[in-house]
Amino acid sequence: MAERRYFGTDGIRGRANTHPMTPEVALRVGLAAGRMFMSSDDRRHLVVIGKDTRLSGYMIEPALVAGFSAAGMDVRTFGPLPTPGVAMMTRSMRADIGVMISASHNAYLDNGIKLFGPDGYKLSDAVELKIESMMDEALGSGLAPADAIGRVKRIDDSQARYVEIAKASFPKGLSLQGLRIAVDCANGAGYKVAPTTLYELGAEVCAVGVEPNGLNINENCGSTHPETLAEAVKRYRADIGIALDGDADRVIICDENGRVIDGDQIMAMVALDWAKRGLLKGGGLVATVMSNLGLERRLQAEGLTLERTKVGDRYVMERMREGGFNLGGEQSGHIILHDYATTGDGLMSALQVLAVLVESGKPMSELARQFETVPQKLENVRYTAAKPLEDAKVVAAIADAEARLDGVGRLLVRPSGTEKLIRVMAEGDDEKLVKSVVSDVAAAVKAAG
């Protein structure tokens, strides 16, 4: 496959106002994607655009709008809306393409551009590469004639539409009446829709992270800082805590004691509940190479399978579609409920956990531990060298680590798709051995620069 110049594992991402996250690149994305998704018929073509709450969204959105309208596409903007909401609206409004402006769980300094096809799914690698090949063409290439420039309009009820779709995913006949729920919206895209949805389903809602100012998205809040949610759960004496990330496509849960429950435990809880009720499709679920071995063992004990993909929720989604699975996700909290959504949805995933909680009548702390986790260690190593994983000493350190873990654990070394980091992860029943091999490989990567 050709080397990517703009797109990573989840769209285009980078520091705001620094290449590739500049108005010029955003303009080029709009021009290229607009031209690519314009068919030859004479109907009006449509793109829908949502964003999170970052200050730089005010810069990226108009540049994308200019590109798409110059290519001849009509544009509908949503304002702040969760990533899964943009994917849903792309499909429900019969748009030709959908765009989300977000850097997900990153700090406000970063931003990103995610693209969805007319079916609401993230674009394939092949389609992204085609768009890349068109992005570096002259800016005047393929512009629409003056009478065919796209028209632009704001859709004011997009959040209300998403709330209704989210509520419809909660089992009929159940209510959140009597539950006190702490929800941390990360000062991000879900800051209005998440508390509203939970309230309208009957809950008493204690919301934090709902005062975005453009600079505080994910700042000491949200799914990447679960200590804030844990503190809120204790402060409000909540029955459960829910933390979303900046674009609300991932979720982390806390029990009533403030103990954090990650995506692997959430997937196990939903999978086993759905299997019991005859709702689980594909005979198991799809997760990534990062998911804990304990999850795999728990599913196997119930006669269910765990299929692994490389990191990235769109790779999980691709495998789910190929194999007919309706549940998949990542340890980080990207959970995909394919019966309801085409990408990870933090709010809908939380609603499935709440359904299990309501039906069981048990406290969250009793439901949270679906399996015993196998000791797992992850270390992120920042690098400057061009290809640190090709360094001879790094190659040797990885080979030695794999030999030591052979038959008793596994090692995963991979570059991040969104930052200049090498992620070194190992797991196995011997915690000392796991820590040792991660330390050795990380040291070799650091030495390589």
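Keep in mind it's a predicted model, so treat the numbers as computed, not measured. Side-chain atoms are counted along with the backbone in the values below, which use heavy atoms only and exclude waters and symmetry mates.
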From I101 atom CD1 to E61 atom CD, the distance as rounded to the nearest 0.5 Å: 5.0 Å
Do R54 side-chain atoms and G112 backbone N/O form a donor-acceptor pair below 3.5 Å? no
D255 side, atom CG; I240 side, atom CD1 - distance, nearest 0.5 Å: 8.5 Å
Could D247 and K114 be called an ion pair, given the rule that one side-chain N must be under 4.0 Å from one carboxylate O? yes
For R297 and V374, what are the C-alpha separation, side-chain angles and deciding distance, and is it a side chain to side chain contact (heavy atoms under 4.5 Å, CB included)? CA-CA 10 Å; R297 290 173 177 172; V374 170; 3.5 Å; yes
What distance separates F371 CZ from L293 CG, expressed to the nearest 0.5 Å? 9.5 Å
Please report the shortest heavy-atom distance between M320 and N326, naming the atom on each side. CE-C, 3.5 Å
Quiz: residues 64-72 side-chain donor-acceptor pairs under 3.5 angstrom, not counting sequence neighbours:
{"from": "S69", "atom 1": "OG", "to": "V65", "atom 2": "O", "distance (Å)": "2.7"}
{"from": "S69", "atom 1": "OG", "to": "A66", "atom 2": "O", "distance (Å)": "3.2"}

Determine, stepwise, if the pair T373 / N292 fulfils side chain to side chain donor-acceptor pair (under 3.5 Å). CA-CA 7 Å; T373 55; N292 194 276; 5.0 Å; no
For the pair K377 and E427, find out whether any cationic side-chain nitrogen is under 4.0 Å from an anionic carboxylate oxygen. no
Compare all side-chain heavy atoms of Q265 with those of Q331 and state whether any distance is below 4.5 angstrom. no
Is there a donor-acceptor pair closer than 3.5 Å between any side-chain N or O of Q159 and the backbone N or O of P80? yes
Before accepting this row, confirm whether a basic side-chain N of the pair K122/D10 lies closer than 4.0 Å to the acidic partner's carboxylate O. yes
Are any of the side-chain heavy atoms of L176 and F170 separated by less than 4.5 Å? yes
For N213, is there any backbone N or O sitting under 3.5 Å from a side-chain donor or acceptor partner on N216? yes
Any salt bridge between D313 and R250, counting N to O under 4.0 Å? no
Given 3.5 Å as the limit, does a donor-acceptor pair link the side chain of N187 with the main chain of E211, or not? yes
Do the charged groups of R43 and D96 touch, with an N to O distance under 4.0 Å? yes
Should the pair D74-R151 be classified as a salt bridge under the 4.0 Å nitrogen-to-oxygen rule? no
Of I252, V251, D345, the one forming a side chain to side chain contact (heavy atoms under 4.5 Å, CB included) with L244 is V251
Just verifying a value: how many Å separate L412 CG and L378 CG, rounded to the nearest 0.5 Å? 9.0 Å
Determine whether the side chains of N218 and T224 contain a donor N or O and an acceptor N or O closer than 3.5 Å. no
Where is the tightest heavy-atom contact between G98 and T90, given as atom of each residue plus distance? CA-OG1, 3.3 Å
If the threshold is 4.0 Å, N to carboxylate O, is there a salt bridge linking R28 and D136? no
Roughly how far, to the nearest 0.5 Å, is CZ of R369 from CZ of R259? 5.5 Å
For the student: nearest non-hydrogen atoms of S291 and R308, plus distance: O-NH1, 2.8 Å
Is it the case that D245 and S104 place a side-chain donor and acceptor less than 3.5 Å from each other? yes
Are there over 12 heavy-atom neighbours, none belonging to K167, within less than 6.0 Å of that residue's NZ? yes
Are any non-hydrogen side-chain atoms of V208 and V183 less than 4.5 angstrom apart? no
If you look at every heavy atom in G282 and T305, which pair is closest and at what distance? O-OG1, 4.4 Å
Any donor-acceptor N/O pair, N111 side chain to S102 backbone, under 3.5 Å: yes
Check whether any side-chain heavy atom of P212 sits under 4.5 Å from a side-chain heavy atom of I217, and report yes or no. no
Closest contact, heavy atoms only, E132 versus Y6: OE2-N, 2.6 Å
Sub-4.5 Å side-chain heavy-atom contact between L347 and P82: no
Could you walk me through whether E307 and L285 pass the side chain to side chain contact (heavy atoms under 4.5 Å, CB included) check? CA-CA 6 Å; E307 293 208 17; L285 61 86; over 6 Å; no
Exactly one of M89, R91, M100 clears side chain to side chain contact (heavy atoms under 4.5 Å, CB included) with F116, and that residue is M100
Run the side chain to side chain contact (heavy atoms under 4.5 Å, CB included) test on E330 and M290 for me, step by step, so that the C-alpha distance in whole Å, both residues' side-chain angles and the decisive distance to 0.1 Å come before the verdict. CA-CA 7 Å; E330 298 188 282; M290 298 297 287; over 6 Å; no
Ionic contact status for K446 with E379, cut-off 4.0 Å: yes
Could you tell me whether a side-chain N or O of T342 sits under 3.5 Å from a main-chain N or O of G120, the two making a donor and an acceptor? yes
For the residue pair I335 and L327, establish whether any side-chain heavy-atom pair is separated by less than 4.5 Å. yes
Electrostatic pair E128:R5 at N-O distance under 4.0 angstrom: no
Apply side chain to side chain contact (heavy atoms under 4.5 Å, CB included) to residues I97 and M73 and explain how you reach the verdict. CA-CA 10 Å; I97 189 168; M73 271 197 167; 4.0 Å; yes
Under the ring pair (Phe, Tyr, Trp, His ring centres under 6.0 Å) test, residues paired with Y121 that sit two or more places apart: H338
Nearest 0.5 angstrom please: K153 NZ to L46 CG, how far? 10.5 Å
All heavy atoms of C185 vs all of A194, minimum pair found to be SG-CB, 3.9 Å
Is there a side-chain contact between H19 and V25, using heavy atoms and a 4.5 Å cut-off? yes
Test R314 against every option in T343, D125, I336, T309 by the side chain to side chain contact (heavy atoms under 4.5 Å, CB included) rule and name the one that passes. D125
Main-chain N/O of G85 paired to R161 side chain as donor or acceptor, under 3.5 Å: no
If you count the non-hydrogen atoms of other residues, nucleotides and ligands that lie under 6.0 Å from OH in Y383, is the total more than 12? yes
Ignoring hydrogens and geometry, is there a side-chain-to-backbone donor-acceptor pair from S124 to V127 under 3.5 Å? yes
Apply side chain to side chain donor-acceptor pair (under 3.5 Å) to T228 and D184, showing your working. CA-CA 8 Å; T228 300; D184 180 349; 4.9 Å; no
SB check E318 R321 (cutoff 4.0 Å): no
For D52 and Y108, what are the C-alpha separation, side-chain angles and deciding distance, and is it a side chain to side chain donor-acceptor pair (under 3.5 Å)? CA-CA 10 Å; D52 63 23; Y108 82 91; over 6 Å; no
I'd like to check S332 versus H105 (side-chain heavy atoms, cut-off strictly below 4.5 Å). Are they in contact? no
Can a donor-acceptor pair be found between the side chains of H334 and D249 at a distance below 3.5 Å? yes
